[in-house]
Amino acid sequence: MFEYIFEGEPSYLDFTDKELSTVEEKLGVKLPETYIKLMKIHNGGELAYNTLKISGEEVIIDELEGIALNEGIGNSNYLVEEWELDKGFVVFAGDGNYWLVFDYRNYTGNDPAVFYIEEDGGKPKKVAKNFKEFVKKLQEPEEIDFEEEDDEDDHIYTKEEFEKLMEKGKSYVDIANCFDQFAEEKGDLEWFIKMALRGIDKKHLDTLSWTIGESVLMKLKNDAGEDWPTEELNELAEKLINFKDTDGLLDSYTAKFGRKLQNKLNRKK
């Protein structure tokens with residue numbers, strides 16, 4: 001099968017045939033058989049084969065959505081309405097900058113074509129006649145050889161600096177760099193999660209919630225063998241899922257990190 005395209009753990013828990021039927025009923029379609037078989041092996045997640053060539057240009061596809069009722073592909077109806085996509089599209093990848101969809105607009109079978117939709121709302125582009133052909137087109141990213149750079153100017157933050165920056169709450173760049181740095185370091189997990197809980201409330205720092213969600217998942221991956229502060233992590237997951245921006249609107253991209261965190265916690269039990 002095509003499970004080789006994924007990197008890391010599935011984003012969503014395993015599903016039963018009954019749950020699959022409920023998702024399909026909600027969407028009003030029969031999902032592609034190849035997609036279902038792949039999701040039974042690896043239910044969504046980040047891609048290792050993440051490069052797709054469209055009209056001669058390379059597009060990076062971060063991850064595929066798995067099968068779940070109120071998240072993953074089960075969230076498609078909401079996304080179609082929220083982003084004013086054509087009715088009949090079923091979203092299985094994307095974050096607002098792009099969308100990948102199954103095209104059921106004038107189709108009632110279970111092997112629909114795959115279309116790509118750009119951020120600017122341009123005309124949807126057909127990229128594969130079905131999901132199987134789409135997966136075959138995914139490629140590994142080309143390795144880039146970077147020349148060694150002078151790292152003398154790269155600042156290494158201390159915990160004390162991080163806490164002071166967080167207290168002031170003014171520099172998005174410094175705070176984001178701190179989350180990235182400490183996520184890569186092992187240890188101090190409980191302290192790191194407390195910093196994440198402090199940071200998630202600083203809504204004036206645009207997209208910091210994305211950095212927090214991503215860095216926490218990375219930190220848990222690096223500290224997989226440690227005791228996790230479950231209560232604090234559950235609190236953070238809820239805050240990410242229900243995060244609202246400065247305009248009071250739910251942020252679906254931040255919520256995605258929260259759902260991934262919840263799934264990790266469920267597997268840890």
Side-chain angles (χ1 to χ4, degrees), residues 7-9 11 45-46 50 60 62-63 95-97 141 144-269:
E7 179 177 59
E9 299 178 350
S11 293
E46 296 180 10
N50 64 359
I60 302 300
D62 295 320
E63 61 183 286
D95 58 8
N97 295 310
I144 301 175
D145 293 328
F146 293 99
E147 295 182 1
E148 291 187 7
E149 298 179 356
D150 185 359
D151 292 331
E152 291 183 1
D153 293 333
D154 290 347
H155 184 71
I156 304 299
Y157 298 88
T158 66
K159 291 171 65 175
E160 290 74 18
E161 284 178 308
F162 190 7
E163 290 173 353
K164 287 181 179 179
L165 286 165
M166 186 69 76
E167 185 177 349
K168 292 180 179 178
K170 295 180 179 180
S171 175
Y172 164 76
V173 173
D174 282 322
I175 293 175
N177 286 341
C178 285
F179 275 112
D180 289 338
Q181 174 190 312
F182 287 100
E184 295 288 346
E185 299 177 4
K186 289 189 176 181
D188 294 320
L189 178 58
E190 186 171 354
W191 167 82
F192 184 84
I193 301 306
K194 287 180 179 179
M195 296 301 290
L197 285 168
R198 289 174 61 184
I200 198 65
D201 292 328
K202 299 187 182 299
K203 298 181 181 181
H204 62 286
L205 298 178
D206 190 34
T207 72
L208 181 62
S209 60
W210 300 2
T211 301
I212 290 173
E214 189 172 30
S215 65
V216 166
L217 291 172
M218 176 60 70
K219 182 68 172 173
L220 293 179
K221 182 178 181 180
N222 290 333
D223 286 20
E226 302 297 324
D227 291 332
W228 290 1
T230 305
E231 184 175 344
E232 289 82 0
L233 283 168
N234 276 311
E235 180 184 354
L236 180 61
E238 288 294 328
K239 283 181 175 288
L240 290 167
I241 291 170
N242 297 297
F243 182 83
K244 294 183 179 180
D245 60 22
T246 53
D247 295 323
L249 301 175
L250 288 171
D251 188 324
S252 61
Y253 197 59
T254 300
K256 183 183 294 185
F257 289 117
R259 290 192 291 269
K260 285 185 177 182
L261 177 55
Q262 275 191 341
N263 287 334
K264 273 187 172 289
L265 290 169
N266 288 333
R267 293 191 185 95
K268 190 75 170 178
K269 291 179 181 179

Between CD1 on residue I175 and CG on residue D180, distance to nearest 0.5 Å
12.0 Å

Once rounded to the nearest 0.5 Å, what's the spacing between atom CE of M166 and atom NZ of K194?
13.5 Å

Give me the atom names and distance for the closest heavy-atom approach of I200 to S209.
CD1-CB, 3.7 Å

Quick check: are there more than 12 heavy atoms from other residues, nucleotides or ligands sitting under 6.0 Å from CD of E232?
yes

Under the 3.5 angstrom rule, does the side chain of D251 hit a backbone N or O of T254 as a donor-acceptor pair?
yes

Whether K264 and E9 form a salt bridge (side-chain N of Lys/Arg under 4.0 Å from carboxylate O of Asp/Glu) is what I want to check.
yes

Heavy-atom neighbours of K159 NZ exceed 12 at 6.0 Å
yes

Write down the atom of C178, the atom of L165, and the distance for their closest heavy-atom approach.
SG-CD1, 3.9 Å

Stepwise, does the side-chain contact (heavy atoms from CB on, under 4.5 Å) test hold for Y157 with D174?
CA-CA 9 Å; Y157 298 88; D174 282 322; 2.6 Å; yes

Show the nearest heavy-atom pair for residues G187 and D223, with the distance to one decimal.
N-OD2, 3.1 Å

Is the terminal nitrogen or CZ of K203 (NZ for Lys, CZ for Arg) located under 6.0 angstrom from the six-membered ring centre of F243 and within 45° of that ring's axis?
yes

If you measure from the Lys or Arg side-chain nitrogens to the Asp or Glu carboxylate oxygens, is any gap between E63 and K260 under 4.0 Å?
yes

Do D201 and K239 have side-chain heavy atoms sitting under 4.5 Å apart?
yes

Within the side chain of E46, is there an N or O that forms a donor-acceptor pair under 3.5 Å with the backbone of G8?
no

Take L189 and L220, measure what side-chain contact (heavy atoms from CB on, under 4.5 Å) needs, and give me the verdict at the end.
CA-CA 8 Å; L189 178 58; L220 293 179; 4.0 Å; yes

Does any non-hydrogen side-chain atom of E161 lie less than 4.5 Å from one of K164?
no

Within this structure, what is the CG-OG distance for the pair L217 and S11, rounded to the nearest 0.5 Å?
9.0 Å

Show the nearest heavy-atom pair for residues W228 and L233, with the distance to one decimal.
CB-CD1, 3.7 Å

Smallest separation among heavy atoms of L236 and A196, with atom names
CD2-CB, 3.9 Å

How about L240 and V216: do any of their side-chain heavy atoms sit closer than 4.5 Å?
no

With rounding to the nearest 0.5 Å, note down the distance linking CH2 in W210 to CD1 in I212.
13.0 Å

So CE of M218 and CD of E185: to nearest 0.5 Å the spacing works out to 13.0 Å

Residue pair Q262 / E238: nearest heavy atoms and the distance that separates them
NE2-OE2, 3.1 Å

In the structure I gave you, are the side-chain heavy atoms of I241 and L261 within less than 4.5 Å of one another anywhere?
no

Measuring from D188:CG to K219:NZ, what's the distance to the nearest 0.5 Å?
6.0 Å

Flag side-chain contact, heavy atom, 4.5 Å: E214 against F257:
yes

Tell me whether the rings of F179 and F192 are parallel (<30°), tilted (30 to 60°) or perpendicular (>60°).
perpendicular

